[in-house]
Structure formats: structure tokens, C-alpha cells
2 protein chains.
Amino acid sequence: MQFEVGAHRTDRPAGRIRQQNEKLILDAAEQEFARHGFKGTSMQQVADRAGLPKANIHYYFNNKLGLYYAVLSNIIELWDSTFNELSGDDDPAEVLPRYIATKIDFSRRYPQASRVFAMEILSGGTHLSEYFQQDYREWFRSRAAVFERWIADGKMKPIDPAHLIFLLWGSTQHYADFAIQVQAALGKEELEEDVFETAARTLTEIILGGCGIRRD
Amino acid sequence: MQFEVGAHRTDRPAGRIRQQNEKLILDAAEQEFARHGFKGTSMQQVADRAGLPKANIHYYFNNKLGLYYAVLSNIIELWDSTFNELSGDDDPAEVLPRYIATKIDFSRRYPQASRVFAMEILSGGTHLSEYFQQDYREWFRSRAAVFERWIADGKMKPIDPAHLIFLLWGSTQHYADFAIQVQAALGKEELEEDVFETAARTLTEIILGGCGIRRD
DNA sequence: GTCTATATGTGGATAGAC
DNA sequence: GTCTATCCACATATAGAC
């Protein structure tokens with residue numbers, strides 16, 4: 001049925017439709033989960049936003065939880081990638097500004113992803129228990145060690161690395177998660193690129209200055 | 001009916017039960033709204049947590065939206081109070097550490113309130129449109145002016161005040177909103193007071209240092 | 001004021017025609 | 001693969017006995 005010989009060319013390789021629909025659904029689900037969280041999102045809303053019947057969502061993703069995990073894991077992948085690039089051998093004056101810029105850029109380009117993650121944490125993080133329990137603490141420690149190394153090498157002042165990391169996360173993600181409030185405060189309909197640029201520049205100046213990291 | 005003469009003393013002034021029950025319901029609602037947001041919270045869950053029949057919730061608060069607004073307005077009141085105390089006449093070296101300590105203390109004492117607010121913002125802030133549209137921008141500007149004054153008076157480096165405010169908010173609220181992640185990173189079952197103290201001290205050092213504010 | 005029972009809608013999920 | 005029709009649990013909200 002799928003490979004009938006002599007059928008007219010459809011220009012759609014096998015699975016093409018599936019790929020298209022899955023993307024439609026995942027994008028729609030990300031939007032809905034970002035605004036209403038897992039419990040607050042209905043499959044009907046996802047279906048309406050994706051422009052497909054509700055039953056199709058269940059066809060592609062077994063159930064609501066499966067769909068949610070699919071969205072979440074996309075985000076987690078995206079998340080950890082950046083932070084792993086920092087190394088103790090680097091010069092913080094060079095890589096920290098880049099890290100801040102990257103995180104701010106994430107807030108600009110993937111605000112929905114950031115919000116789904118934030119929603120999940122606020123909801124108690126029950127769907128991330130594996131992610132958090134396994135070796136998360138070890139991973140975090142190894143990341144904190146990068147800063148400890150910089151401190152030992154006299155590249156920055158003795159600042160508590162864990163709280164510095166929380167500061168980096170909290171201040172950068174704020175521009176995605178609290179965008180509505182930032183918009184209201186600045187009197188803007190939408191956050192344009194210059195806001196993110198100024199944010200990155202200001203955060204870099206304060207944090208590097210506060211850590212006693214001198215840039216050339 | 002309410003003031004029958006000769007009724008036996010109940011030791012309960014009129015409205016005492018009402019007051020008690022309203023508090024029970026509001027506390028329960030705050031917990032639920034913090035975890036599941038407006039859409040994701042059911043009146044049954046609130047009732048169960050409050051230990052009252054569902055119909056009673058509807059008796060005290062007309063409907064779900066009324067209950068939600070009651071919870072939200074409590075929080076907003078709590079929120080704005082601190083920030084309004086900063087003045088251009090003050091010495092930032094004195095009042096900024098106090099502001100940071102107060103915000104961190106809020107995250108410790110009222111994490112649920114912080115989360116309800118965060119949830120509402122993530123959900124699009126549709127129930128705060130009045131709060132945000134009215135004179136929020138003006139209020140924010142007047143607050144930013146405090147920092148501008150400090151800059152003009154040479155009390156701190158020329159840092160963009162708006163983004164400095166976002167940094168203060170984002171970094172302090174992080175300890176309430178992302179407590180689960182902070183716990184996982186630090187390997188703690190619960191965040192104890194020393195974590196909040198170290199957080200306040202570290203944030204103060206970085207932010208004041210980064211703004212070029214010297215403390216005695 | 002309190003609470004059981006219920007009306008009416010929407011939730012997730014699936015059967016089965018096409 | 002697609003989509004209508006439908007099942008049943010649970011949602012908000014209220015009626016009405018106590």
C-alpha cells in the first residue's frame with residue numbers, strides 16, 4: 001500500500017508525513033505546556049494548535065505523558081550542551097562572557113523551551129526525578145570545580161561557585177521566563193534584539209566585575 | 001439571625017469561623033496554584049488540602065477565578081512593599097545589601113507566593129493585565145531613577161538600571177522558584193538557612209562589586 | 001453555615017469506519 | 001494513516017436538605 005508500483009510520484013519519501021506531523025505536534029505541545037504546564041494542558045488544545053484531530057495526537061504519541069516527555073527531553077538536550085563547554089583550563093575573562101551571551105541567546109531563541117522547563121520545576125519536578133537524582137549532583141560538582149580551579153589559579157576572587165552558577169542561570173533565564181514582566185517594565189510590545197544585547201552586556205559587566213575578572 | 005439576643009456565648013466573635021476557614025482555603029489554594037497554575041488546579045484538590053467539602057470553597061469564594069484573584073492580590077501586596085523603600089538619597093552600599101537580604105528572605109519564607117507569581121507570568125500574565133498595564137511602567141521608571149541618581153552622584157558605576165533590577169529579581173527569586181533544582185544540585189533534601197545566607201552574601205558581593213559600590 | 005447529591009461540561013483515551 | 005463517534009472519569013458549579 002505504501003509502495004504501490006506505478007503510483008504517481010508524491011515527492012514524499014516514506015515517513016515524511018509522520019515527520020511533518022510530529023514536528024507540528026511537538027511545537028504545538030511546547031507552546032501549550034509552556035503556558036499551562038502538564039496538568040493544565042489538554043490534548044484538545046494541542047490538537048487545535050497543531051491543526052489536527054485529537055485522535056492523531058494519540059496516534060503519534062501514545063498518551064499525554066509520552067508527549068510531555070518528548071517535549072521535555074528535547075529541551076534537556078538543548079540545555080546541558082552549553083554548560084559542558086566550560087573548562088578549568090580556559091580563561092574566564094574569555095569564556096564567561098561567551099557563556100552569558102549564549103544563555104541570553106537561548107532565552108531569546110527558545111523562550112518556550114525555557115518556560116516548559118521552568119513550569120516543570122515549579123510543578124515539583126516530578127517528571128525530572130531521573131534527571132535530577134542520577135548523577136546530577138556529580139555533574140554540578142564537576143561544573144563547580146571549573147570555577148574552583150579558576151579561583152585557585154588566581155583568575156577570579158574566591159566566590160562560592162554554586163551560587164555563582166545559580167546567579168548565571170537565574171539572571172539569564174529571567175529574560176525568557178519573565179519576559180511578560182520585562183516587557184511591561186520596559187513598555188515594549190515585544191523584546192527586540194537590542195534588549196537582549198544590553199542584557200548580556202550588563203550582566204557580563206556586573207558578574208565579571210563582581211568576580212574580580214579583568215578583561216583586556 | 002447573625003445577632004440573636006440571648007444566644008449562648010460561643011467565644012467566637014462574628015466571622016471568626018469565616019476568618020479561619022478563609023485562611024485555610026487561601027493557604028491550600030496557594031499551595032495548589034503554586035504547583036499547578038490556574039488551569040491545572042482543581043477546586044477538589046484545594047478542598048481536600050483545606051480539609052473542607054468542595055461546596056464550602058464555593059461558598060466562601062464565589063468561583064475559581066475569585067479564589068485565584070484573592071491569592072494573587074495577597075502576593076502582589078507582599079511583593080511591591082520592599083522595593084518601594086529604596087530611595088535616591090540612600091547610600092547604595094547600605095541599602096542594596098539589605099534589599100538583597102530581604103528578597104532572599106522572601107524566597108525562604110514565602111516560596112509558594114513567589115511560585116504562584118512565577119506561574120502566572122509563565123502562563124502569560126493574563127490575570128495581571130491590570131497590574132501590568134496601569135502605571136506599572138511608571139512605577140518601574142521611578143524605581144530605576146533611584147539607580148540613575150546613584151550613578152549621577154558617583155555612588156556606583158554607570159550600569160543600565162533596568163537590567164540591574166532584573167538581575168536583582170531573577171537571582172533572588174531563583175531560590176524560591178527553582179528550589180527543586182537548587183536542592184538537587186546541592187544534594188540537599190531541603191534548603192536550610194545557611195544556604196540562603198550564603199546566597200545573600202555571595203549575591204551581595206558580586207552585585208555590589210560589579211556595580212563598583214564600595215562597602216566599609 | 002455546612003455538606004450531599006447532582007447537573008452539565010470537558011478531560012484523556014480508544015473503537016472502528018474510511 | 002486519518003478522523004468521527006463515543007466511553008468514562010473528573011471538572012466547575014449549584015440546588016437544596018440539614
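Chain identifiers are assigned alphabetically (A, B, ...) following the order of the sequence lines, protein sequences preceding nucleic acid strands; residue numbering begins at 1 within each chain.
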Where protein sits on nucleotides 4-18 of chain C, one letter per nucleotide: B base, S sugar-phosphate only, - none, heavy atoms under 4.0 Å:
B------SBBB----
Take the protein atom CD1 of B/Ile57 and the nucleotide atom P of C/dT2, then report the distance between them rounded to whole Å.
11 Å
Can you tell me if A/Glu120 and A/Ser123 form a side-chain donor-acceptor pair at under 3.5 Å?
no
Can you find a side-chain donor-acceptor pair between B/Gln45 and B/Lys54 that sits under 3.5 Å?
no
Pairing donors with acceptors under 3.5 angstrom, does anything connect the side chains of A/Thr198 and B/Asp160?
no
Between CD of B/Gln20 and P of C/dT2 the distance, given in whole Å, is 10 Å
At what angle, to 10 degrees, do the two end axes of the helix from C/dG1-D/dC18 to C/dC18-D/dG1 meet, given five pairs define each axis?
0°
Under a 3.5 Å cutoff, is there a donor and acceptor pairing between the side chains of A/Trp150 and A/Asp90?
no
Charged N-O contact under 4.0 Å between A/Glu22 and A/Arg18:
yes
Should the pair B/Phe38 and B/Phe33 be assigned to parallel (<30°), tilted (30 to 60°) or perpendicular (>60°) ring geometry?
parallel
Rounded interatomic separation in angstrom, taking NE2 from A/His36 and C1' from D/dA11:
16 Å
Passing candidate, side-chain hydrogen bond (donor to acceptor under 3.5 Å, both in side chains) with B/Gln181, options A/Tyr136, A/Trp169, A/Tyr131
A/Tyr136
Starting at atom OH of B/Tyr60, determine the distance to atom C1' of C/dC3, rounded to an integer number of angstrom.
12 Å
Quick one about A/Gln44 and A/Asp48 (side-chain donor to acceptor, distance below 3.5 Å, no hydrogens or angles considered), yes or no?
yes
Would you kindly give the CG-to-P distance between A/Leu52 and D/dG1, to the nearest whole Å?
13 Å
When all nucleic acid strands are considered with a 4.0 Å heavy-atom cut-off, which category describes A/Phe61: base, sugar-phosphate, or nothing?
nothing
Nucleotide C/dC3, atom P - distance to CG of B/Asp48 in whole Å:
13 Å
